[in-house]
Each structure stands twice: as structure tokens, then as C-alpha cells.
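Notes follow once the structure below has been shown.
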Amino acid sequence: ALPILAMDVMRPRRNDPVLTVLTQDSMTVEHVEAIISETAYSGYPVVVSQVSQRLVGFVLRRDLIISIENARKKQDGIVSTSSVYFSEHSPSLPSSSPPSLKLRRIMDLSPFTVTDQTPMEIVVDIFRKLGLRQCLVTHNARLLGIITKKDVLKHIAQMANQDPDSILFN
């Protein structure tokens, strides 16, 4: 049997909607708020752009919510149309634009990643040893998908059903 790889377990699967990501400097506050209200994920990968899908980090939902709420309350001029950025430097915007919201400090700059070709046996091991909640899957530094703890547990259960003497449980 061929080894099962990260790409076989990660989501999105073939017919799933695309992975929900944030871009590092091309979104507005209202755009980010819409993503938060339309999805229930505990966190979001941050990429350079939708086109490049180059991974720059990972940001937790609760940190996003708190930071935006605080900024709306305290930071002068942060409004729905304010630009949100995770990059070092603010995007160059027309002078008439409202102030931008820098969220780099809440981003994990080195989220745990595996390549799409990593055998699941290794992924399971990594999740166990590091107590991960999620792991991003990349190919040549481009984001392809995500594997959550739930996906890993499901994978372990499926393996156990196929092979009762599975080493995973010994």
C-alpha cells in the first residue's frame, strides 16, 4: 500500500471551497470582520497575496477579534474601510485613506508547516510530540491546505480500522 501523505488528509479536499486565508496587506477591517463572521475557524493563514499564496504566518481568530475591537474603540480613525496589514511596512495608500491597522504583532511568524509529500505517519508523530492544534501544508512555500487535530484523530481512527494491530496505539 502507498503511504498516506499530508496532501491526502489536508483540507480543502478536491471539491471543498478554497481555504480561507487573509492577505498580508490588501484587506480592510470590514473584509476581515466578514471572514470572521462567515467562518468558524480558530485561526487563519496569512499569505502574501491570493495569487502567490506564499505563506507569511498564522493568526488566531480570538486575537483578531480582540485587536479589531480594541482598535475600533481606542485607535483614532480606525473604521471599516481602514486597511489591515500584517507586513512590516504599511501598504502605500492614497493620502485620503483612513488610518491603517497593523496586526503583525498578533501573527505567528513561523507557524508549523509540513510539505504536501510528508507521510501522515510523521505528521501524526509531530502532532503528538508538539501538541499541535493545526499544521499548515505547503508546496514550495506556497500554502496548499491545513491539517487540524481533528483531521489527525480521524486519520488515526481510519488507520486503526484498517489495521487492528496498528502501531499507532501501541
Side-chain angles (χ1 to χ4, degrees), residues 6-116 118 123 126-127 130-154:
M7 60 185 286
D8 302 320
V9 175
M10 72 176 197
R11 283 170 304 166
R13 300 278 166 86
R14 273 201 211 315
N15 304 315
D16 287 353
V18 296
L19 192 62
T20 304
V21 297
L22 304 177
T23 55
Q24 73 172 0
D25 61 6
S26 58
M27 294 176 91
T28 59
V29 167
E30 62 186 345
H31 194 169
V32 175
E33 286 175 329
I35 286 176
I36 292 168
S37 67
E38 287 158 19
T39 61
Y41 304 121
S42 63
Y44 304 91
V46 180
V47 295
V48 172
S49 68
Q50 290 287 1
V51 176
S52 85
Q53 290 290 319
R54 275 184 108 58
L55 183 64
V56 288
F58 190 82
V59 63
L60 291 174
R61 173 194 194 88
R62 61 165 190 267
D63 293 342
L64 271 178
I65 294 171
I66 292 167
S67 299
I68 291 175
E69 268 176 19
N70 287 345
R72 279 187 178 276
K73 277 188 214 132
K74 297 183 187 126
Q75 244 175 297
D76 281 350
I78 297 292
V79 290
S80 296
T81 51
S82 292
S83 171
V84 169
Y85 67 101
F86 297 92
S87 45
E88 281 281 14
H89 306 289
S90 63
S92 40
L93 299 163
S95 55
S96 57
S97 308
S100 302
L101 177 56
K102 181 173 188 174
L103 293 180
R104 189 174 179 85
R105 61 184 172 72
I106 64 166
M107 180 171 70
D108 177 353
L109 295 171
S110 46
F112 210 92
T113 59
V114 293
T115 71
D116 53 342
T118 307
V123 175
I126 292 169
F127 264 81
L130 301 181
L132 296 183
R133 296 187 55 157
Q134 71 276 318
C135 171
L136 301 172
V137 182
T138 59
H139 180 84
N140 293 338
R142 286 178 58 145
L143 180 67
L144 292 184
I146 188 167
I147 295 176
T148 62
K149 190 171 173 180
K150 207 192 260 167
D151 299 325
V152 169
L153 293 173
K154 210 151 116 193

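Heavy-atom basis, side chains included; hydrogens, waters and symmetry copies ignored.
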query: Quick one: side chain to side chain donor-acceptor pair (under 3.5 Å) pairs with a partner in residues 43-61, sequence neighbours left out?
result: Thr39-Tyr44, Tyr44-Arg61, Ser49-Ser52, Gln50-Gln53
- request: Taking all heavy atoms of Gly77 and all of Ser82, pick out the closest pair and write down the distance.
  value: O-OG, 3.6 Å
Nearest non-hydrogen partners of Arg142 and Val51, listed with the distance: NH2-O, 3.9 Å
- prompt: Any side-chain heavy atom of Cys135 sitting closer than 4.5 Å to one from Ile126?
  reply: no
- prompt: If you round to the nearest 0.5 Å, how far is CG of Leu19 from CG of Leu136?
  reply: 8.0 Å
field: Verdict with reasoning, Ser100 to Leu93, per side-chain contact (heavy atoms from CB on, under 4.5 Å)
entry: CA-CA 9 Å; Ser100 302; Leu93 299 163; 3.3 Å; yes
- request: Measure from the side-chain N and O atoms of Lys102 to the backbone N and O of His89, and report whether any donor-acceptor pair falls under 3.5 Å.
  value: no
- request: Output the distance between atom OG1 (Thr115) and atom CE (Met7), rounded to the nearest 0.5 Å.
  value: 10.0 Å
statement: For Gln134 and Phe58, the nearest pair of non-hydrogen atoms, with its separation, is NE2-CE2, 3.4 Å
field: Step-by-step side-chain contact (heavy atoms from CB on, under 4.5 Å) determination, Val32 to Leu64
entry: CA-CA 9 Å; Val32 175; Leu64 271 178; 4.1 Å; yes
task: With rounding to the nearest 0.5 Å, note down the distance linking CG in Asp151 to CG in Asp8.
output: 12.5 Å
- request: May I have all residue pairs that pass side chain to side chain donor-acceptor pair (under 3.5 Å) and include part of residues 12-21, sequence neighbours excluded?
  value: none
field: Minimum-distance pair of heavy atoms, taken over all atoms of Thr23 and Val48
entry: CB-O, 4.2 Å
message: Under a plain distance cut-off of 3.5 Å, with no hydrogens placed, do Asn70 and Ser67 share a side-chain donor-acceptor pair?
response: no
statement: Smallest heavy-atom separation, Thr81 atom then Glu30 atom, equals CG2-OE2, 4.0 Å
task: Please lay out, stage by stage, how Arg62 and Ser42 fare under the test side-chain contact (heavy atoms from CB on, under 4.5 Å).
output: CA-CA 7 Å; Arg62 61 165 190 267; Ser42 63; over 6 Å; no
- request: Calculate, to the nearest 0.5 Å, the distance between atoms CD and CD1 belonging to Glu69 and Ile78 respectively.
  value: 14.5 Å
- request: Enter the distance from Glu33:CD to Ile68:CD1 here, rounded to the nearest 0.5 Å.
  value: 5.0 Å
query: From Lys149 NZ over to Leu153 CG, what is the distance, rounded to the nearest 0.5 angstrom?
result: 6.5 Å
- line: Closest heavy-atom pair, Phe127 versus Thr148, reported as atoms and distance to 0.1 Å, is CE2-C, 3.9 Å
- prompt: Does a side-chain heavy-atom distance below 4.5 Å link Leu60 with Ile106?
  reply: no
Residue pairs fulfilling side chain to side chain donor-acceptor pair (under 3.5 Å) with at least one residue in residues 103-112, sequence neighbours excluded: none
